[in-house]
Every structure is written in C-alpha cells, then in structure tokens.
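Here is the structure we will look at.
Convention: sequence-line order gives letters A, B, ...; per-chain numbering from 1.
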Number of protein chains: 2
Amino acid sequence: MKTISENRCFGGVQGVYSHASKVNDCEMTFGLFLPREAEDGPVPVLWYLSGLTCTHENAMTKAGAQAFAAEHGIALVFPDTSPRGEGVANHEDYDLGQGAGFYVNATQDPWAPHFRMWDYIAEELPNAIDAAFEIDPERQAITGHSMGGHGALTLAMHQPERFRSVSAFAPIANPTQSDWGRKQFSAYLGDNEAAWAAHDATLLMRERGFDGEVLIDQGGSDQFLDLLKPEALAEAMAARRQPGTFRIQEGYDHSYYFVSTFIPDHIEFHAEALWA
Amino acid sequence: MKTISENRCFGGVQGVYSHASKVNDCEMTFGLFLPREAEDGPVPVLWYLSGLTCTHENAMTKAGAQAFAAEHGIALVFPDTSPRGEGVANHEDYDLGQGAGFYVNATQDPWAPHFRMWDYIAEELPNAIDAAFEIDPERQAITGHSMGGHGALTLAMHQPERFRSVSAFAPIANPTQSDWGRKQFSAYLGDNEAAWAAHDATLLMRERGFDGEVLIDQGGSDQFLDLLKPEALAEAMAARRQPGTFRIQEGYDHSYYFVSTFIPDHIEFHAEALWA
C-alpha cells in the first residue's frame, strides 16, 4: 500500500493510496477519508462508486461528502472505475474500457486479463483496506452515481450480508435494456444475455431485492433519462414492496451539483443503518 | 452576457457566464450561484476570489460553498483570476501571467493592455452582475484563498463602503516581503516599491484596517507558510486592535480540503454581517 497524498480534512484525513491489484493485474489507486474517530479504533465505512470517465478523484473533490461523513464518524472509500495503465486494453469511446469498468468481471478479449472490477470491489479492495486501516468490516454501506449507482445496487443485492444499506444517485437502472449496458455487457461478457442479468439492478430487484432500506435520487431534468431508465427500477421496487424511497428531484440534472445537493441526505440515511 | 451552463444546485442555480470585459479587453468567464430566494428579489452576495492557477471553476466545484450559501440565502460569485485568450500576454511560470493576475492593474508591458484585475473586481464585474441578476449591491461581502485572500483583503480595505465583511483562507498576507508578491509586483507595477504598498494586506492593516469584522483561517501545516507570512498580518491585526479573528488550524495544509473544512464558518460569518 503506497501513500500518494494525505490532507487534513474536517478533522480527519483524506488520503489517496495505491496498491498492486491481483484481480485487475495492475496498480490501482483509491481515495479513503478517515474521520477523526478512526484514531481511536475501527469506524463504519461507506463505499462510493463513481460513474463513466471518473477516477477515484471526482467524488472525492466534488461531492462534498467528507463534511457529513465527519459529522457521523464514518469512513468513505472512493475506488477507481476501471483498471488502468500500459498494457491495459482501452477503447476510443468514453463509455468502454478505461474509466468504464461497469463493475463486472470481463470474460471476453481484449478485456478479460484486467477488467475484473466486480471481484475488485466485492473482495480484493475491502480486504486490502481492512488490513491496512481502522475500518469496521461489520459496518459497511454502499452508494454510487450513474454507472456507480448501477455498481452499488448490484453489489448490494448480491452481498446483503456485507452491506447494511444501499443508495444511488441517478443509477443506470436497467442496463440490459439500455445503450449504457448492452454495449458494455456485449464487449465484456459476450452475447449470451443470460450472463447479463446478474448485473441489472431492475432484474435483481424483481428477483431478490435488498434486505434493508434503499434510497434512490434521480434528477427530473437529467439529460440521460433515456439511458438511465429510472422508471423500470421504480416499478420494480414498488412491485416488490422493497422498503425504501425513490425520489424524483425536480430541475436537477446529472452533474455533481445534483450529487452534492443530496449527499447530506444519503450520508444521514447510511449513518442510521451503520450506527443502528 | 452569455450563458455557458446552468445547473440546479441546493434549490438554486449554479451558473457559468461570460461577457466582454472592457477593462481587461478580453472575454471573461465567471461562476454565479443564485439561491432559491433570488427568484423573488435581490439577495446578498459573497465574492470568492481564487488563488494561483485557478479559473472560475476550482472553488465552484471543490469548496462546497453552495450548501451553506443556500442555507443563508446568499449568492456567490466566482471570478476568474486573470484575463485569458489569444493576444493576452503570458509567462511560462505558474505564478505570473494567465492564472496569476494578483488583483492589480498592470502598468508595465507586456501586461498593461489586459491585466487590470483590480478594476475588474472593484467595478466592472459587480456592475455587470448587478445589471443582469437579482443581487443586492448594498449587501456585499468578500473572501478568497491564497492569492485570492490577498485580493479579498486588499479590496475590502480599499472599498469599506462596499463590503460589510471580509475573510480569507491562507492569504498571501505580506506580498511586498514575499516571493509571492515581489516577483509579480515588479512585473506588473514596475520597480518603484511605493506603488506596491496599496496591494499589501499587512501594510493596509497597519495603515487603515477594515471597518467591520475580519476572519482569517490559516492551516498550521500549510506547505507555503514561508511565502504567505501569516505572522505579519496577525501582528498587524492585533496591533491595530482590528475587530476580528485570526485562527491557526492545526494539521491543515493549503489545499481545498482545508478550504472546504472551514467554508461553513466563513459563510456563517458573512451571513451575520450581510443580514444584519
């Protein structure tokens, strides 16, 4: 684990670290905010998964999350969105390859050797952080934005024993029915659509749901509504009687101005579950 | 006035606009956050001046100020830090030329034709904003970071009738005695040091002070303490019996993690003066 930077922030420390990822077979960078309370022992942790084109840095610098994490004594993890570096496959489109890992394990070439973001977030990074920092693996929650909202929802529904709560900002809600999904799943997972279903939040909501509260915020003026398909997830949540809240926020778009406006609500939501 | 973007944010609008600046003889871009209350009439305004290498964008995306401005019903202006564009002089050093206007009117070539950031912030931009948006020119306050803290303090002490309150984050406090100052004043104003004194917050504090409260925050682990010279300003404030607060914040550095940690205090400080 290499320390890239550490900055005092809201009484705690905003760090950036890198480590050799075995599953992605490359060096991976992540951000970790530790509140002051981590000086005295393990603290709960909220994972924040980012969207297309993002690195570990976007949410760390633009979401304004640290203020509220500090208030509630919660750590924040900001993983990168894909493997990177020389020798890692890439594509000229912004929504495929580096910066667009989609939180799956690729089985198809040229992606299969490095693009294993599912295993990275599901197992490798949490184990690495647990070994190196004062976080409490028994108290985890997860959120994310856009592609990261997709990742948060799908991981939470597959790992209910790990996560006490899940939320999302403008998630890619039904990727098997969207050009944000079909294109990437074809490339990473191949043309057998049966393999895609495990990575579609709407399908997972219909099939299993989440054992806890779910919070979804979606901007009503989001420029990507046709690709996000929030109505599919809203319908599935209601049909399942999933405990939780789905909100349309009038006038808000897909930007970090939307995320930062509602991050206080999301952190309070997770804090209630993490400290229960 | 051209609209570059507008995003819903904390119930208000974070806009980015550009206009033809006469004093800088180029197109200038700025950010403006208007809280929801601006839909009903003029609101107070807090100016935020940025530091070396910044554009209008850095504080707008990284300081987390909108949350607290919205809470207090206050507008925020984020000006650029220099003229820019083709035909505008520049220098290979990061701390001279574009991105480093230092809030003065240059009298020396090659800077004199465009570098008039003093007149731009003191007169032209406030008049342009007053004409186009619902802000109340009778209720203005100013803050800034680093070079922008220098700008905020010097402008406030020269325009006490305009600003009800002034604060700064890690300001360049004594530029006539620092390599962040002597180099730029030589280039922009020439070698007659008498012309520099009007742009040194410590000298102005000794000579006139500010008619109102002053709030200064300085990180105790700032990597630029030798260039900022906070001790000179602290001594001058105390010697003058200047009403206000000077704080050393242990462990904090010069980054936006420092700014975002203390922005809530600063906005509350200004709100008290603006709504008095």
Side-chain angles (χ1 to χ4, degrees), chain A residues 4-16 31-36 39 54 57-71 76 78 169-170 217-224 247-268, chain B residues 4-16 31-36 39 54 57-71 76 78 169-170 217-224 247-268:
Chain A
I4 295 175
S5 63
E6 291 185 328
N7 299 85
R8 178 75 58 183
C9 181
F10 290 98
V13 175
Q14 177 61 62
V16 176
L32 173 67
F33 172 73
L34 287 176
R36 190 195 306 269
E39 294 171 13
C54 289
E57 197 174 9
N58 300 61
M60 202 179 88
T61 59
K62 293 171 33 170
Q66 294 92 346
F68 307 97
E71 193 177 300
L76 300 168
F78 303 101
F169 300 84
D217 270 316
Q218 171 61 58
S221 296
D222 193 311
Q223 56 269 51
F224 301 113
R247 306 190 296 196
I248 295 289
Q249 302 288 2
E250 186 186 358
Y252 286 85
D253 60 25
H254 201 65
S255 70
Y256 264 92
Y257 296 111
F258 160 66
V259 174
S260 63
T261 297
F262 298 104
I263 202 91
D265 288 2
H266 284 244
I267 292 182
E268 191 174 341
Chain B
I4 295 174
S5 63
E6 290 185 329
N7 299 86
R8 180 73 58 183
C9 181
F10 290 99
V13 176
Q14 177 62 61
V16 176
L32 174 66
F33 172 74
L34 287 177
R36 190 194 306 267
E39 294 171 12
C54 290
E57 196 173 9
N58 301 61
M60 200 179 88
T61 59
K62 291 167 40 168
Q66 293 93 344
F68 307 97
E71 194 176 299
L76 300 168
F78 302 100
F169 300 85
D217 270 317
Q218 171 61 58
S221 297
D222 193 309
Q223 56 270 51
F224 301 113
R247 307 191 294 196
I248 295 289
Q249 301 288 2
E250 186 186 357
Y252 286 85
D253 60 26
H254 200 65
S255 70
Y256 264 91
Y257 296 112
F258 160 66
V259 174
S260 63
T261 298
F262 298 104
I263 202 91
D265 289 1
H266 284 242
I267 292 182
E268 191 174 341

Below 4.5 Å, heavy atoms only, C-beta onward: do B:Tyr257 and A:Glu6 meet side chain to side chain?
no

Between A:Ala70, A:Ser221, A:Ser260, A:Gly64, who has the most heavy-atom pairs with chain B when the cutoff is under 4.5 Å?
A:Ser260

Go through the atoms of A:Ser255 and report whether side chain, backbone, both or neither lie under 4.5 Å from a heavy atom of chain B.
side chain

Please classify the contact between A:Gln66 and chain B as side chain, backbone, both or neither, with a heavy-atom cut-off of under 4.5 Å.
side chain

Heavy-atom cut-off 4.5 Å, strictly under: side chain, backbone, both or neither for A:Tyr252 against chain B?
both

Do you know which two heavy atoms are closest between A:Ala69 and A:Pro35, and how far apart they sit?
O-CB, 4.5 Å

Minimum-distance pair of heavy atoms, taken over all atoms of A:Tyr256 and A:Ala59
OH-CB, 3.4 Å

Working to the nearest 0.5 Å, report the span between CD of B:Gln249 and CD of B:Gln218.
9.5 Å

